Amino acid sequence: VKLSSCTNLYIETEEKTNKTHITRYTTNTVSLTGVSRRKMEIEKRAKRSEEMDGQKQPITTQHRRGGIRTLPFILANELCDRFASAGFHGNLISYLTQELNMPLVAASNTLTNFGGTSSFTPLIGAIIADSFAGRFWTITVASLIYELGLLSITVSAILPHFRPPPCPTQMNCQEATSSQLWILYISLLLTSVGSGGIRPCVVPFSADQFDMTKTGVASRKWNLFNWYFFSMGFASLSALTIVVYIQDNMGWGWGLGIPSIAMLISIIAFVLGSPLYKTVKPEGSPLVRLAQVIAAAAKKRNETLPEDPKLLYHNWELDAPIALEGMLLHSDQYKWLDKAAIVTEEEARDSSATPDLWKLATVHRVEELKSIIRMLPIWASGILLITSSSHLHSFVIQQARTMDRHLTPSFQISPASMSIFSVLTMMSGVVLYERVFVPFARRFTGNPSGITSLQRMGIGFVINIIATVVAALIEMKRKSVAAKFQLLDDPKAIIPISVFWLVPQYFLHGVAEIFMSVGHLEFLFEQSPESMRSSATALYCITTAIGNYIGTLLVSLVHKYTGNERNWLPDRNLNRGGLDYYYFLVSAIQVVNLVYYLVCARFYTYKPVEETRERNKEEEDLEQAIEHVSSNNLKDGGKEEKIGVTKDE
């Protein structure tokens, strides 16, 4: 505590049986009279009052924005956006193999590569949003770019000369030319760039509308992340039933045109809600702040750390714009980074000047970097999970295409629509998790969320392994039926086995997503620095990107080195492949990944935060104590006095 009003006051703190005594000594070196001291106190209070009055109006205005009333606009945007995205990507493997006549592995790798690209671009979008553009404008502009991508591929689906001749037999088909594929690639690139601005900003922008401190989250009876995934599941369910049916039965012109229209509606809905949104002003690139801490720590690598971390550099005024919910407290991990906050003698002499942040960083900024470093091992555990499941959707659609899909004698379900079972599981599971599991678990753990995000992720890992093993067993069953009816050499034959044999693996994947995907996003959001939440969401997307690229490499290697006669992943005839062996391989990869995750989670340390409301109360109590000391000083002159204050105060 720095007392700038008079130099004859010193505060000494000593703990005795849960009590703190504030001791004041009056020295003879200062000849201030009681009147002059009182005058200085009055001037200080007047100045502080003026500053608070000046800040009162914008704060009040900001509080009028946000809240539950913004959710209809944000969720309407997200529902239409996810409807468009799911309708576009959900059955795209069929468009590439049936309309553009691409081989299965090439088509699957194309989608995975562009899926990886669309998961890397969120890092760029997050930097733009956090640095200067803000989340609202980043989402708006990115949505327009995404719309251009949808319109491009819709036009290519309508005009015949953008596609090769039809090939009903799927034997010796003429593949799409380079120019025809370039239309596809440009469309996918535009949607990837658009996703880069939408995906990292939507969840943080939604969270901006609410109090996301620990106290605020505990006071609500619902979880933003659970209901976000529920809404997205509802949109995906609608797309996988309506849009996919139209694509398979009415043509790809309408099948891709409807997602384009839905995306346009989402943009309009989002912009209409702009007067109600609470917006957070970007405070510069978070990557620059991280670089400043590293540079300052490197320059002071030969300095000696003080024994008391309270002697490191703190500047609440400087950090206030990037710590609206609370300051990060000092932690004992990665102490070499603490050297960035050492105040040298030269810097101490000129304490009133603005610090050079490339040479001196605050403790809060050092802890931001520490938080990111602590998160990286847990974050990386999601990569191999994505690697193992990146191609499953494409392969399962091809499996379903060879199975009996009739619901009635005259109606059969689309192969891509089988994903609705996973989505339905996730939607119903989110509700049950929120209303049944969390209250039950809370009785034993005392955690407002039931279990921690790390525990939630671990359960998801285990369930996902079980789901992949089940998928392998079902593929063995499908091929055994094909062999029984001598259909192994007919890739277009419908094997007399119900497509609903695939439902158990879809169900398990849906349950795994409730735990793993929601838990992973919740962990990154909660443990990332407050000012880097868009970047943290981008990290979630980058997990998907790296996993997709490694998945492409894995599939390519398996396809290349498993031979021609009994290739695990054949281009045309899945019946002669070894997809079940591939499933067992990725199950083994997931087991290794689970062991790695358990080790990382065991040694993880949660970030220490001092919430703003706690600090405000402490400052008020401290000010009252100081005023009490000053008041008694005016009464008693130079006598020594001790005032007892409780430890909580």
Side-chain angles (χ1 to χ4, degrees), residues 93-94 96-98 101-113 170-173 384-405 415-416 418-419 464-506 508-509 547-593:
I93 186 69
S94 297
L96 299 186
T97 56
Q98 305 294 318
N101 300 330
M102 293 179 67
L104 173 61
V105 172
S108 182
N109 283 342
T110 297
L111 294 182
T112 305
N113 287 337
Q170 289 294 295
M171 300 292 290
N172 300 319
C173 301
L384 285 181
L385 179 69
I386 299 298
T387 296
S388 60
S389 60
S390 58
H391 288 71
L392 296 187
H393 179 69
S394 299
F395 293 151
V396 173
I397 289 178
Q398 297 305 103
Q399 285 178 276
R401 195 174 294 281
T402 67
M403 303 171 77
D404 181 8
R405 295 177 280 115
M418 289 297 295
S419 297
N464 211 68
I465 294 172
I466 297 173
T468 311
V469 172
V470 169
L473 297 176
I474 292 173
E475 171 62 6
M476 294 173 64
K477 173 68 176 178
R478 188 192 70 86
K479 289 198 300 181
S480 67
V481 175
K484 179 180 178 180
F485 289 90
Q486 299 181 351
L487 298 174
L488 291 176
D489 295 316
D490 187 357
K492 298 293 290 183
I494 301 300
I495 302 171
I497 179 175
S498 174
V499 74
F500 294 103
W501 275 86
L502 298 174
V503 171
Q505 69 190 66
Y506 276 114
L508 289 171
H509 280 300
N548 280 335
Y549 288 139
I550 298 177
T552 297
L553 176 63
L554 177 64
V555 167
S556 299
L557 291 175
V558 169
H559 180 66
K560 181 178 180 179
Y561 291 107
T562 52
N564 295 324
E565 295 295 327
R566 296 291 182 180
N567 195 286
W568 288 8
L569 304 173
D571 286 327
R572 298 295 177 186
N573 188 2
L574 199 62
N575 297 333
R576 283 295 184 184
L579 187 59
D580 47 343
Y581 299 143
Y582 176 79
Y583 285 156
F584 282 126
L585 173 63
V586 297
S587 298
I589 292 173
Q590 290 183 72
V591 170
V592 174
N593 188 54

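As the structure is a computational prediction, the values presented were derived from the model and not from experiment. Quick note: residue numbers are just sequence positions, from 1.
The 12-atom threshold is not exceeded at OH of Tyr581, counting heavy atoms of other residues, nucleotides or ligands nearer than 6.0 Å. The 12-atom threshold is not exceeded at CH2 of Trp501, counting heavy atoms of other residues, nucleotides or ligands nearer than 6.0 Å.
Within the model, atoms CD1 of Ile495 and NZ of Lys484 stand 13.0 Å from one another, a figure rounded to the nearest 0.5 Å. The CG atom of Asn109 lies 11.5 Å from the CG atom of Leu96; values are rounded to the nearest 0.5 Å. Interatomic distance, CG of Leu384 versus CD of Gln590, reported as 9.0 Å (0.5 Å rounding). Between the CG atom of Leu557 and the OG1 atom of Thr552 there is a distance of 10.5 Å, given to the nearest 0.5 Å. Here CD1 of Ile465 is found 11.5 Å from CD1 of Ile589. Values are rounded to the nearest 0.5 Å.
Ring centroid separation for the pair Phe395 and Tyr582 comes in under the 6.0 Å cut-off.
Residues Val499 and Ala400 come closest through the heavy atom pair CG2-CB, 3.7 Å. Heavy-atom minimum distance, Arg405 versus Pro415: NH1-CD, 3.4 Å. Here the shortest heavy-atom pairing between Asn573 and Asp490 reads ND2-N, 4.4 Å.
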Report task. Could you please spell out the steps behind the side-chain contact (heavy atoms from CB on, under 4.5 Å) verdict for Thr402 and Leu487? Result -> CA-CA 10 Å; Thr402 67; Leu487 298 174; over 6 Å; no
**Report entry** Leu579 and Leu569: CA distance, side-chain angles, deciding distance, side-chain contact (heavy atoms from CB on, under 4.5 Å) verdict
**Finding:** CA-CA 6 Å; Leu579 187 59; Leu569 304 173; 3.7 Å; yes
Query raised in the report: side-chain contact (heavy atoms from CB on, under 4.5 Å) between Leu473 and Phe584: does it pass, once the steps are laid out?
Result: CA-CA 9 Å; Leu473 297 176; Phe584 282 126; 4.2 Å; yes
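Side chains of Leu585 and Val558 form a contact here, defined as non-hydrogen atoms less than 4.5 Å apart. Within the 4.5 Å cutoff, the side chain of Ile466 has no heavy atoms near those of the Asn464 side chain. Side chains of Val586 and Leu554 form a contact here, defined as non-hydrogen atoms less than 4.5 Å apart. Between His509 and Thr468, some side-chain heavy-atom pair lies under the 4.5 Å cut-off. Under the 4.5 Å side-chain criterion, counting only non-hydrogen atoms from C-beta, Met418 is not in contact with Val396. Side-chain contact between Lys477 and Val481 is present, with heavy atoms from C-beta onward closer than 4.5 Å. Looking only at side-chain heavy atoms (C-beta outward), Arg401 and Gln98 come within less than 4.5 Å of each other. With contacts defined as side-chain heavy-atom distances shorter than 4.5 Å, the pair Leu111/Ile93 qualifies.
Checking side-chain atoms of Lys479 against main-chain N and O of Gly577 turns up a donor-acceptor pair under 3.5 Å. Remark: the backbone N or O of Ile386 is not paired with any side-chain donor or acceptor of Asn548 at under 3.5 angstrom.
A side-chain donor-acceptor contact under 3.5 Å links Arg478 and Asn575.
A side-chain contact (heavy atoms from CB on, under 4.5 Å) with Leu502 holds for exactly one of Ile497, Ile474, Val470, Ile397; it is Ile474.
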